[in-house]
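Worksheet: one structure, shown below.
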Amino acid sequence: MALTREQMAQRVAQELADGYYVNLGIGIPTLVANYVPDDIDVMLQSENGLLGMGEFPTEEELDADLINAGKQTVTMATGASIFSSAESFAMIRGGHVDLTVLGAFEVDVNGNIASYMIPGKLIKGMGGAMDLVAGADNIIVTMTHASKHGESKLLSNCSLPLTGKNCIKKVLTDLAYLEIKEGKFHLLEYAPGVSIEQIQSLTEGELVISDNVREMKIA
Amino acid sequence: MALTREQMAQRVAQELADGYYVNLGIGIPTLVANYVPDDIDVMLQSENGLLGMGEFPTEEELDADLINAGKQTVTMATGASIFSSAESFAMIRGGHVDLTVLGAFEVDVNGNIASYMIPGKLIKGMGGAMDLVAGADNIIVTMTHASKHGESKLLSNCSLPLTGKNCIKKVLTDLAYLEIKEGKFHLLEYAPGVSIEQIQSLTEGELVISDNVREMKIA
Amino acid sequence: MSGFNKVVTSYQAAMAGLTDNMTVIAGGFGLCGIPENLIEEIKRKGTKGLTIVSNNCGVDDFGLGRLLSDHQIAKIVASYVGENAEFERQMMSGELEVELTPQGTLAEKMRAGGAGIPAFYTATGYGTPVGEGKEQRSFNGRDYILEESIRGDFAIVKAWKADTYGNLVYRKTARNFNPMAATAGKITVAEVEEIVEPGMLDPDQIHTPGIYVDRVIQGTFEKRIEQRTVRASL
Amino acid sequence: MSGFNKVVTSYQAAMAGLTDNMTVIAGGFGLCGIPENLIEEIKRKGTKGLTIVSNNCGVDDFGLGRLLSDHQIAKIVASYVGENAEFERQMMSGELEVELTPQGTLAEKMRAGGAGIPAFYTATGYGTPVGEGKEQRSFNGRDYILEESIRGDFAIVKAWKADTYGNLVYRKTARNFNPMAATAGKITVAEVEEIVEPGMLDPDQIHTPGIYVDRVIQGTFEKRIEQRTVRASL
């Protein structure tokens, strides 16, 4: 069974460690915040200039001057700091964020990622995504393994305009957790009830089955 | 009679205007602050990170955390702000300071300035001087017209390592106030009791006597 | 003693000198921390052919989006089109020139413009459409592209408090692009919620020193919220 | 919940991992805002062959000057030798390699190092010895030189207050180079006058967010004054 969005977020959350500064993109990545293990503490970086993003505000706490990068009203966690956009991206570009989680349309065997534009159809802009993928060492891309029409999103070569080149090493899809290295996708984990054959058939780029491949554990 | 250091500072102070942000170098430039006309207000920028430098502190006000670029203890003027060295030089390099006054060993007809090093003899370092001359549009160099041995400091070509290239347009010496343009020194004012011939004889670089040349007025 | 008094009392005076075809750098992220009344004044003036530099372009009926309906904007440099339908329509139709710029690069271009840095290298955008036509260069085995700085004829920013000398303090994430924008305008105009006397702001806690600011005006703000997300009160 | 607690309680722990031939970036201007006890710990450890990046090198018997007597410093990147006789002597004799760097360029090189900017252009130093051997380039008719960023194995800074998460606040002109230095170390150590609990510092007024800081230690400081200038009390 393909993972739900919530399950994908749960699996990503297992990659968190105590003391991590984390940037979560819009969509599934945002949900990761709901599954931080009880025994660890992470701080969420929001690229509009907030380190230590808290939960949504109550009606009483609502403040137009306090939003996240998704433009949602938020609160500050204890120990938060506020800074300018230039400082925020100094943090991101300078590699100070420990983990970045973001969505994509496509990734390929060379770690290229396309996530911001479908020519002629969708031009929302890249926002901070190009800086995030260029600045982070540790990135997890979350997306469905294939489109609704069964077209693989794990490719030999991205077909859409790139957000970043040679920068993605880990991908979590609704079917699998994969590592990208040496020009191949390495299957590390398959979702419960999903067969390796099914993953193989939906992975257009070269796929290697890791020696240690195992079934994904979702709490 | 050659101007005293105090008189040189007085003459420079006449170039101040209300609302000017001013950076004053060490030595004679520092004295300019004592001659700000009563009817105008200027703010002094100190490149270690202070805009709105005040007078020296009393014993009671003395604070090791509050110094100027000359490492002297100072106070803050009303409306002062404190910032990092990067922000301070963003201001300077970005051309936001209205007037910069600094000393020099030599200047030449092309607006080059040498002020930080005498090879084999004196290597104090350039500090912020290179940034100041590169960043400011409006600079006044203050120095004696010639050395104690009668060697001109206003040259065809600076002989010492440069602090900046093509950046100086105004020079106030103990003998004269000059403008540098089109590869020549233009004599605008002579100090009271100093002859144009004397200035000519102590100016190695090409000197042009301005049509409007006049005696300097010191209050 | 009045030379440092930057206070103006009308929006006409605040935006005096803005003429057609100028470049305006605007602070704000989404609808948060935007100089909403200064934008309204540009709409009122009807200035045309503007190049706008701003992370976003507001929404259809608020913020910079208000300048789209009368086609006052010729070109916009932004990182995100977002949910602004008219922006997207004018971009797709070619009525509006759009230079999509990564958010961090945009912030750094503004900072560099104010700081006398004409250009810098960044890995952001290397190997993507953003890097096309730009110089590529390797430092320590990694590839970067050259990005040039941005300056504006005007910069318009929103702060929380100002003193009359133009020292500014921002509030929470309404800071965003405002501090960099403030440094990058030939004329920088700040609108604020409160103006205090010099000396009332802690010198250690000023976000934008007054040297960058030419005019300050006190306004009243709608502060519209784009994504109103709340949790239940206990 | 302890993952963000950066507090260490001994100077040995604060400088653990510093080994010979490393690069150390230090905050401070003159003797103002210098991490005086962290420097003392380097002296105590006897680490050799260091490259020090700092605006100044202290005075003979205080601050970074303390590392000169035992020849712990192989190279220093600084803007000003100042009145440090031993520094000048070692430089003149060639015992110490000195890379004189303009003050603004030095600050920007540290900031760039922390911000993932590998290099930038500046007019500062063009046509001077500082520009020799560096790429020259013209933008909009003006000449600039290319300067590369600096990173350190360690950065040592002095702040006024920290919370246990490493958020820092500086006091008056003791800020100077400290904020940039703090961003540019692989390991950044801050010594401070007071450590408070998270939440005690106003998020709007934090100068260095804790993400840059790896270790925090509370110390006591001599805060020596280099040029004691006073006026008569009334």
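Here is how names work: the chains are called A, B, and so on, in the same order as the sequence lines, proteins then strands, and each is numbered from 1. FYI, side chains are in, hydrogens and waters are out, and symmetry mates aren't considered; it's all heavy atoms of this structure.
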Pairs of heavy atoms under 4.5 Å with chain A: top-ranked of C:Gly33, C:Ser79, C:Pro179:
C:Ser79
In terms of heavy-atom pairs under 4.5 Å with chain A, the winner among C:Arg111, C:Arg228, C:Met92 is C:Arg228
Please classify the contact between [X] and chain C as side chain, backbone, both or neither, with a heavy-atom cut-off of under 4.5 Å.
X: A:Ile92; answer: neither
X: A:Glu47; answer: both
X: A:Thr163; answer: backbone
X: A:Met76; answer: side chain

I need the residue from [options] with the largest number of non-hydrogen atom pairs under 4.5 Å to chain C.
options: A:Gly125, A:Gly127, A:Ala134, A:Gly128; answer: A:Gly127
options: A:Leu66, A:Asn68, A:Leu132; answer: A:Leu66
options: A:Ala129, A:Gly164, A:Ser88, A:Ala69; answer: A:Ala69

Under 3.5 Å side-chain donor-acceptor pair for C:Asn176 and A:Ser85:
no
Measuring only between side-chain heavy atoms, which start at C-beta, is [X] closer than 4.5 Å to [Y]?
X: A:Asp63; Y: C:Arg171; answer: yes
X: C:Val230; Y: A:Leu62; answer: yes
X: C:Glu226; Y: A:Gln72; answer: no
X: C:Thr128; Y: A:Lys165; answer: no

Residue [X] versus chain A: region with a heavy atom under 4.5 Å:
X: C:Asn55; result: neither
X: C:Ile225; result: side chain
X: C:Met91; result: side chain

Interatomic distance, A:Asp131 atom CG to C:Gln103 atom CD [nearest 0.5 angstrom]
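Between A:Asp131 CG and C:Gln103 CD, I get 7.0 Å after rounding to 0.5 Å.
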How many angstroms lie between atom NZ of A:Lys71 and atom CD of C:Gln227, to the nearest 0.5 angstrom?
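Separation between the atoms: 8.0 Å.
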Please check: side-chain N/O of C:Thr229 versus main-chain N/O of A:Thr73, any donor-acceptor pairing under 3.5 Å?
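Yes; judged by distance alone, with no hydrogens or angles, the pair exists.
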Using a 6.0 Å cut-off, check whether atom CG of C:Asp202 has over 12 heavy atoms from anything other than its own residue.
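Yes, CG of C:Asp202 has more than 12 neighbouring heavy atoms, counting only those of other groups under 6.0 Å.
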Shortest non-hydrogen contact from A:Ala64 toward C:Lys223:
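So the minimum-distance heavy-atom pair works out to CB-O, 3.5 Å.
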Evaluate C:Thr124 against A:Phe89 for side chain to side chain contact (heavy atoms under 4.5 Å, CB included), listing each step before the verdict.
CA-CA 10 Å; C:Thr124 302; A:Phe89 283 93; over 6 Å; no
Six-ring centre of C:Tyr80, A:Lys124 cation under 6.0 angstrom, axis tolerance 45°
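No, A:Lys124 and C:Tyr80 do not form such a contact.
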Between C:Arg175 and A:Asp65, is there a salt bridge with N-O shorter than 4.0 Å?
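Result for this pair is no, no salt bridge flagged.
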